Student: 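Have a look at the structure that comes next, please.
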Protein chains: 2
Amino acid sequence: MMMNLSCPLPQLDFDTINLGHGSGGTLTSQLLDAGVFNLFENDLLNKKHDGAIFTLNGKVAMSTDTYVVSPIFFEGGNIGDLAINGTVNDLAMCGAAAKYLTLGFVLEEGLKMTEFWEILLSIKTACQAAGVQIITGDTKVVEKGKGDKIFINTTGIGQVHAKADIDISNIKAGDQIILSGPLARHGITIVSHRQGLQFETTMSSDTRPLNDIILKLLDEFGHQIHFLRDPTRGGLATVLNEIAVQAQLGITIAEKNLPVEEEVQGACEMLGFDPLYVANEGLFIAVVDAAIAQQVLQQIKQWEFGSMASLIGEVTAEHPRQVIMKSKIGGRRVVNMLAGEQLPRIC
Amino acid sequence: MMMNLSCPLPQLDFDTINLGHGSGGTLTSQLLDAGVFNLFENDLLNKKHDGAIFTLNGKVAMSTDTYVVSPIFFEGGNIGDLAINGTVNDLAMCGAAAKYLTLGFVLEEGLKMTEFWEILLSIKTACQAAGVQIITGDTKVVEKGKGDKIFINTTGIGQVHAKADIDISNIKAGDQIILSGPLARHGITIVSHRQGLQFETTMSSDTRPLNDIILKLLDEFGHQIHFLRDPTRGGLATVLNEIAVQAQLGITIAEKNLPVEEEVQGACEMLGFDPLYVANEGLFIAVVDAAIAQQVLQQIKQWEFGSMASLIGEVTAEHPRQVIMKSKIGGRRVVNMLAGEQLPRIC
């Protein structure tokens, strides 16, 4: 899973993280100068102050997530790019273009510098891909056995698109629900990796930034996009239930329209998971005015990762606060929220 | 150390945190509805979206910190109020009034709900005291032995004071350095607690918000306050060295002007710590134009926690990048940055 390092690890007189790297003293400086300030350098970060100062005007969105995924390296990504893409995407779901991110590390004593460096490089690459800057951060170190290699918090801020009005209260009966791609790839990749499973082709996480496609949709459809959400933890079923409960409306989805790749479906069956409850990463649902549903679907299908996009269901005045699925063989069943824990530490 | 809970723990059908609370499903909802959304409720948080949307105009500051202090409860505070005050203070050091905070938890499986609840109540009280709102957050749960009870990330944003121009490049030779209160209380409280030491009076952490006093100073002295910094990890010595290096100027301090409470001094001697290197919390240094130094000092002395404020030294053109201390008996010595780790997990 280790990629070829595009940028070699700097010469340091330590090869693992120790408690001194969290002291705020010379070891912290050494680590940050080599690993963070040089790598991510920009005018705001270069100040090395307690915070970053910049100018904002108008409506902004702010979002935070702490990433604790295990394993930290997996097919298709690692905890570093996941932490960037995840927060970029949470902002995109607010109709905002992520601009600045803060970066907080909790490192476990003993973490290999080669692993930390690889994660830092992935963070840099993901920031470039998403067009965001790291502007301030924090590094803590905990004793061996009091953490798990690395946890990363990213908190982001970005300008809300001028035409965006993403709000649960905008959802109305008749709205159509579009899913941007196939279900369950991220979760099944992680669990397969944990269990050491091999599949015929290599399954990989769908972690990726969604800001470009979301901004394009907002450019074109503006207020007619009523709500956006990425179905990460808890999966599609949980997110749809949250929407139904908060909007006090019903949701109906059609099983036959739920895109699942064959290999992922096979793995789900083998492992006993329902793809509706498995975490996704680079995937979103859009709840849109019926008048534009087909156009939105076509627009997403033209996106690099959107070939399997699908109109999966609609919002109804009937059965408020409930999600109902029409099965492939014609039955109807209630789809509940995820109860308990299906896959811990998936993101 | 447990305070009387001003607000009783809600009825829940669990008394410890389990992995399901991090799943994103029903258990997460139950925990957050009871523990976070009701407690911190405000218009932005109530949306329960992936992020919060608000309007800010002009110059803002943004800061992040992850708190991993151990023990999580200590004399004078706990990890909850520390996490609020710490980020509020980092923004104050940028000349900004903290307005909104994000809140990210990493909980270890098995954390007692009574402990989590007490921390949440302290967060609420600290937010009220500092005049800030929690607007969005994230909760993750890791397996027992993969974390340490609770880690908290807070990331804050706030408007920079109209008269503020806090920048390392504004520091010039002749500037005076004022310390707002006595050194080393927070660090010595934590280490005494860890080692089970008892002192004649109860020493307690100086965790507190600094925004009110800082904003008052900025109202009055504006651009003549050149730089602000809270000497947390690494202590005063480390912060002064960072300033000297970044400003490319020298700093001279007088040992006799460094305020240390008798009891803290005694504990430092007993434990073998130098108060210059011990972490502080509710303390700041101001680097100010010599013309206003006495007025700033008097203003801080009138503050509730400022009676021991002291003019500790000055910025010099001589010995650039070095901090020199004049000792009580007339000698001069170089004060270096903290090397290695003095006190792990102090904040």
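In what follows, chains carry the letters A, B, and so on, assigned in the order in which the sequence lines appear, proteins first and then strands, with residues in each chain numbered from 1. Since we're looking at a predicted model, the values are computed, not measured. Every heavy atom of this structure was used, including side-chain atoms; hydrogens, water molecules and symmetry mates were not.
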Student: Counting only non-hydrogen atoms closer than 4.5 Å, does A/Leu91 touch chain B with its backbone (N, CA, C, O), its side chain (CB onward), both, or neither?
Tutor: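 Interface part for A/Leu91: neither.
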
Student: As an exercise, state the distance from CG of B/Asp167 to CZ of B/Phe227, rounded to the nearest 0.5 Å.
Tutor: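 These two atoms lie 7.5 Å from each other.
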
Student: What part of A/Glu242 gets within 4.5 angstrom of chain B, counting heavy atoms only: side chain, backbone, both, or neither?
Tutor: side chain

Student: Less than 4.5 Å to any heavy atom of chain B: does that hold for the side chain of A/Leu228, its backbone, both, or neither?
Tutor: backbone

Student: Which pairs of donor and acceptor atoms, one on a side chain in residues 16-24 of chain B, lie under 3.5 Å apart (sequence neighbours left out)?
Tutor:
{"from": "B/Asn18", "atom 1": "OD1", "to": "B/Gly20", "atom 2": "N", "distance (Å)": "2.8"}
{"from": "B/His21", "atom 1": "ND1", "to": "B/Asn18", "atom 2": "N", "distance (Å)": "2.9"}
{"from": "B/His21", "atom 1": "ND1", "to": "B/Asn18", "atom 2": "O", "distance (Å)": "3.4"}
{"from": "B/Ser23", "atom 1": "OG", "to": "A/Gly340", "atom 2": "O", "distance (Å)": "3.2"}
{"from": "B/Ser23", "atom 1": "OG", "to": "B/Gly20", "atom 2": "O", "distance (Å)": "2.7"}
{"from": "B/Ser23", "atom 1": "OG", "to": "B/Gly25", "atom 2": "N", "distance (Å)": "2.9"}

Student: Where does A/Thr87 contact chain B at under 4.5 Å (heavy atoms): side chain, backbone, both or neither?
Tutor: neither

Student: Using non-hydrogen atoms only, which part of A/Val239 is less than 4.5 Å away from chain B: side chain, backbone, both, or neither?
Tutor: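 No part of A/Val239 comes within 4.5 Å of chain B.
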
Student: With chain A, which of B/Ala279, B/Gly145, B/Gly95 has the greatest number of heavy-atom pairs at distances under 4.5 Å?
Tutor: B/Gly145

Student: Examine the side chains of A/Asp230 and A/Thr232 and answer whether a donor and an acceptor come within less than 3.5 Å of each other.
Tutor: no

Student: Is chain A contacted by the side chain of B/Tyr277, its backbone, both, or neither, given a heavy-atom distance below 4.5 Å?
Tutor: neither

Student: Please enumerate all residues that pass side chain to side chain contact (heavy atoms under 4.5 Å, CB included) together with B/Lys59, with sequence neighbours excluded.
Tutor: A/Ile53, A/Thr55, B/Val160

Student: Can you tell me which of B/Cys347, B/Gly58, B/Pro344 forms the most heavy-atom pairs within a distance under 4.5 Å of chain A?
Tutor: B/Gly58

Student: Does any heavy atom of chain B fall under 4.5 Å from the side chain of A/Ile346, the backbone, both, or neither of them?
Tutor: neither

Student: Heavy-atom pairs under 4.5 Å with chain B - which of A/Thr238, A/Asp65, A/Thr136 has more of them than the others?
Tutor: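 The answer is A/Asp65.
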
Student: Go through the atoms of A/Phe54 and report whether side chain, backbone, both or neither lie under 4.5 Å from a heavy atom of chain B.
Tutor: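 When you check distances to chain B, atoms from both the backbone and side chain of A/Phe54 fall under 4.5 Å.
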
Student: B/Thr66, B/Leu27, B/Leu343: which one forms the most heavy-atom pairs within less than 4.5 Å of chain A?
Tutor: B/Thr66

Student: Under 4.5 Å heavy-atom distance to chain B, tell me which part of A/Val60 shows up: side chain, backbone, both or neither.
Tutor: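 Interface part for A/Val60: both.
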
Student: Please flag which part of B/Glu108 lies under 4.5 Å from any non-hydrogen atom of chain A: side chain, backbone, both or neither.
Tutor: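 Interface part for B/Glu108: neither.
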
Student: What part of A/Gln246 gets closer than 4.5 Å to chain B, counting heavy atoms only: side chain, backbone, both or neither?
Tutor: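 The side chain, not the backbone.
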
